[in-house]
Amino acid sequence: GGGAHWVRPAGGMFFWVTLPAALDSAALLPRAVEAGVAYVPGAAFYPVGGASGPAPAHTLRLSFVTVAPAQIEAAITTLARVFREALEQ
């Protein structure tokens, strides 16, 4: 259960999103791109190895500065559909 969570940034250019733990953002990226939306899987922003264990696969980074608000809304709707379909499989 549970949905996606994001943090309202105080600055910068990106949203950090945590998906339900059952989802793997890297594995789902091709589906999102096929649907017309791209993001960066969150694992790229974690240190490799170490005491903290493997990077969480259910995180991602979204840019909000390169597209208009209406495009962002459409993209979020598309991502929600892609992620919901993956959870239902």
Side-chain angles (χ1 to χ4, degrees):
H5 300 278
W6 56 278
V7 176
R8 182 182 201 125
M13 306 182 304
F14 306 101
F15 285 113
W16 184 256
V17 181
T18 302
L19 301 171
L23 296 178
D24 181 332
S25 65
L28 291 171
L29 181 57
R31 289 191 204 182
V33 170
E34 186 176 307
V37 182
Y39 56 80
V40 180
F45 303 99
Y46 286 86
V48 177
S52 61
H58 64 289
T59 58
L60 60 97
R61 189 181 82 167
L62 287 172
S63 172
F64 61 83
V65 297
T66 57
V67 294
Q71 289 176 297
I72 293 171
E73 186 173 340
I76 295 299
T77 299
T78 298
L79 282 179
R81 179 181 51 80
V82 168
F83 297 148
R84 190 176 312 109
E85 288 171 358
L87 282 171
E88 291 171 355
Q89 291 179 347

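This is a predicted model, so every value here is computed, not measured. The first residue of the sequence shown is numbered 1, and numbering continues consecutively from there.
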Exercise for the section: Kindly indicate whether the side chain of Thr59, heavy atoms from C-beta on, has any atom under 4.5 Å from the side chain of Phe45. Expected result: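 Side chain of Thr59 against side chain of Phe45, heavy atoms only: no contact under 4.5 Å found.
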Practice task
May I ask you to test the Phe14-Pro9 pair for a side-chain heavy-atom distance under 4.5 Å?
Solution key: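 Sidechains of Pro9 and Phe14: no contact.
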Practice task
Determine which pairs satisfy salt bridge (charged side-chain N to carboxylate O under 4.0 Å, His left out) with at least one residue from residues 16-37, sequence neighbours left out, and list them in order.
Solution key: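 Listed once each, the pairs would be none.
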Please report the interatomic distance [atom1]([X]) to [atom2]([Y]), rounded to the nearest 0.5 Å.
| X | Y | atom1 | atom2 | answer |
| --- | --- | --- | --- | --- |
| Leu19 | Phe83 | CG | CZ | 5.0 Å |
| Gln89 | Arg84 | CD | CZ | 13.0 Å |
| Ile72 | Ser63 | CD1 | OG | 7.5 Å |
| Leu28 | Glu85 | CG | CD | 10.5 Å |

Show the nearest heavy-atom pair for residues [X] and [Y], with the distance to one decimal.
| X | Y | result |
| --- | --- | --- |
| Gly12 | Val65 | O-CG1, 4.4 Å |
| Leu62 | Tyr39 | CD2-CB, 3.5 Å |
| Pro30 | Ala27 | CD-O, 3.4 Å |
| Ala35 | Arg81 | CB-NH2, 3.7 Å |

Handout entry: N/O donor-acceptor pair under 3.5 Å between Gln71 side chain and Ala68 backbone
Key =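 Checked: pair present.
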Exercise for the section: Output yes when a side-chain donor or acceptor of Ser25 lies under 3.5 Å from a complementary backbone atom of Ala57, and no otherwise. Expected result: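 Yes, the answer is positive, given that a donor and an acceptor are paired below the 3.5 Å cut-off.
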Are [X] and [Y] in one and the same hydrophobic cluster, where Ile, Leu, Val, Met, Phe, Trp and Tyr link if side-chain heavy atoms are under 4.5 Å apart?
| X | Y | answer |
| --- | --- | --- |
| Val67 | Leu79 | yes |
| Val40 | Val33 | no |
| Trp6 | Val37 | yes |

Practice task
Enumerate the residue pairs fulfilling side-chain hydrogen bond (donor to acceptor under 3.5 Å, both in side chains) with a member in residues 8-23, sequence neighbours excluded, ordered by first and then second residue.
Solution key: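 Non-adjacent pairs meeting side-chain hydrogen bond (donor to acceptor under 3.5 Å, both in side chains): zero.
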